[in-house]
Amino acid sequence: MEVIETAYAGHAKVLSSTVDLQKFPDGIICVGGDGIVNEVLNGLLSRDDFEVAIRFPIGIIPAGSDNSLVWTVLGIRDPVSAAIALTKGGFTPIDVFAVKWIQAGVTHFGLTASYYGFVADVLQLSEKFRVQLGPFRYVVAGLLKFLSLPQYRFEVDYLPASPGRNSELRPLTKKCHEQLSDDGKVRRGTQINGRIEDNWVTRNGEFLGIFVCNHFCKPAQGLLSPVIAPKAQHDDGSLDLILVHGSGRLRLFCFFIAYQLCWHLLLPYVEYVKIKKVKIRPVGNTHNGCGVDGELLHGEDKAEWQCSLLPAQGRLLGQDPRALK
């Protein structure tokens with residue numbers, strides 16, 4: 001075993017991109033939050049031996065401001081339980097998703113979620129308070145952004161996980177559809193990357209938030225442990241798309257209160273769909289950044305993002321509680 005303390009942001013990515021994997025066949029253990037896990041993942045997947053690197057085991061000992069991944073997937077909340085689980089051995093397959101900035105041809109990988117709109121905006125603002133406030137920076141940034149809430153407009157194209165069937169778990173009612181003036185339609189024979197793909201669905205309009213989840217995303221902190229995507233599983237071969245339609249502080253406030261009580265999917269302006277992939281284009285002056293596992297990806301001009309899946313390609317050290325049962 002070799003222990004290395006990271007010295008700067010991105011250090012873990014550099015280490016995992018250059019380490020001799022044959023020298024440490026047991027895997028890489030990350031002591032920290034979701035951010036350092038994401039760095040290690042992206043370092044591994046930037047290597048020339050991609051097929052080997054994506055299957056390389058990653059272990060997690062939670063010690064960061066957000067430890068959603070290990071808590072959601074393995075049911076582990078504290079460092080001691082994580083260490084014990086690692087000594088017991090075993091692996092848990094997990095889907096890996098890729099977020100591509102299409103214009104730049106840059107791809108970033110993740111294990112938890114990508115998000116756009118208000119939450120990505122808050123993530124960018126929170127970086128100004130990282131040193132002074134630590135984890136509390138998200139609360140301060142969220143309050144400041146809430147008080148000066150801009151409008152977010154997007155064009156969204158998604159490919160349902162079950163083409164030809166109604167795959168919307170929480171479809172919009174006709175009344176709500178008209179109220180939001182949302183241009184929702186099914187596009188037949190859409191050309192994507194030079195080939196024809198059927199059953200793409202388009203949603204255009206104002207969105208307070210867009211979430212693309214790889215698992216149900218349960219925060220490690222908090223008494224109620226609400227989940228953003230209750231139908232999502234880390235190894236089900238699909239992504240879960242949540243669209244929060246509309247604008248305004250009242251609607252945003254209602255969404256976050258309902259989310260804390262796990263009632264957010266009952267709101268008429270929240271749409272929930274299981275998908276294979278999605279393309280998201282900010283419109284006008286909308287914040288064009290994208291958050292992935294707590295890391296912000298900066299876009300330029302009219303950035304277009306595409307999120308797709310690599311099913312069950314990754315491996316986490318430790319046993320999935322469902323497998324143990």
Side-chain angles (χ1 to χ4, degrees), residues 1-99 106-114 135 214-215 217-220 233-235 291-297 309-321 323-324:
M1 180 174 65
E2 181 177 342
V3 179
I4 302 176
E5 183 177 351
T6 55
Y8 54 87
H11 191 190
K13 180 178 180 180
V14 173
L15 292 171
S16 59
S17 65
T18 57
V19 67
D20 183 354
L21 300 185
Q22 294 182 347
K23 186 178 179 182
F24 302 102
D26 294 324
I28 297 175
I29 297 176
C30 305
V31 183
D34 290 345
I36 193 169
V37 179
N38 190 264
E39 282 192 24
V40 168
L41 175 72
N42 279 276
L44 287 172
L45 300 190
S46 67
R47 301 168 61 101
D48 293 333
D49 53 348
F50 180 90
E51 296 297 330
V52 174
I54 195 173
R55 303 285 296 169
F56 196 69
I58 299 176
I60 307 171
I61 294 182
S65 57
D66 188 10
N67 308 298
S68 173
L69 176 61
V70 68
W71 172 228
T72 303
V73 177
L74 300 180
I76 296 172
R77 195 197 296 259
D78 66 280
V80 175
S81 298
I84 294 173
L86 290 174
T87 62
K88 290 181 177 179
F91 304 98
T92 295
I94 185 170
D95 297 336
V96 178
F97 66 87
V99 178
V106 176
T107 300
H108 194 86
F109 298 92
L111 295 173
T112 295
S114 66
N214 191 38
H215 52 72
C217 302
K218 180 168 59 174
Q233 294 293 338
H234 59 272
D235 57 354
V292 180
D293 295 0
E295 302 296 315
L296 182 69
L297 309 183
L309 200 65
L310 305 172
Q313 292 293 302
R315 290 203 299 175
L316 294 181
L317 285 166
Q319 285 288 324
D320 180 357
L324 294 175

Short side-chain to backbone donor-acceptor contact, Q313 and I54, under 3.5 Å: no
Backbone N/O of G318 and side chain of T92: donor-acceptor pair under 3.5 Å: yes
V40 versus A12, closest heavy-atom pair with distance: CG2-CB, 4.0 Å
Heavy-atom closest pair, residues A63 and V31: CB-CG1, 4.1 Å
side-chain hydrogen bond (donor to acceptor under 3.5 Å, both in side chains) partners of T112, counting only residues at least two apart: H215
Minimum heavy-atom distance V96-G314, with the two atoms named: CG2-N, 3.7 Å
Main-chain N/O of N67 paired with R77 side-chain donor or acceptor, under 3.5 Å: no
D20, CG atom: more than 12 neighbouring heavy atoms under 6.0 Å: yes
Donor-acceptor contact below 3.5 Å, side chain T72 vs main chain L69: no
N/O donor-acceptor pair under 3.5 Å between N42 side chain and H108 backbone: no
Over all atoms of both residues, closest heavy-atom pair of E39 and G10: OE2-N, 3.1 Å
Distance (rounded to the nearest 0.5 Å) between I94 CD1 and L310 CG: 12.0 Å
S17 side chain vs L44 backbone, donor-acceptor pair below 3.5 Å: no
Distance, nearest 0.5 Å, that separates OG of S16 from CD1 of I58: 8.0 Å
Value rounded to 0.5 Å, distance of CG in L316 from CG in L74: 6.0 Å
Where at least one partner belongs to residues 8-62, residue pairs that pass ring-ring contact (aromatic ring centres under 6.0 Å, His included), sequence neighbours excluded: Y8-H11
Heavy-atom side-chain contact between V292 and L297 under 4.5 Å: yes
Validation row: P62, W71 side chains within 4.5 angstrom (heavy atoms): no
Nearest non-hydrogen partners of I61 and A82, listed with the distance: CA-CB, 4.0 Å
Test item: D95 side-chain N/O and L309 main-chain N/O as donor-acceptor pair under 3.5 Å: no
N38 side-chain N/O to F109 backbone N/O, donor-acceptor pair under 3.5 Å: yes
Euclidean distance, L45 CG relative to K13 NZ, rounded to 0.5 Å: 10.0 Å
Heavy-atom closest contact (I84 atom, T87 atom, distance): O-OG1, 2.6 Å
Between CZ on residue R55 and CG on residue L21, distance to nearest 0.5 Å: 14.0 Å
Rounded distance [0.5 Å steps], CG in D34 versus CG in L111: 9.0 Å
Residues which pass side-chain hydrogen bond (donor to acceptor under 3.5 Å, both in side chains) with D26, listed by chain and number, not counting sequence neighbours: none
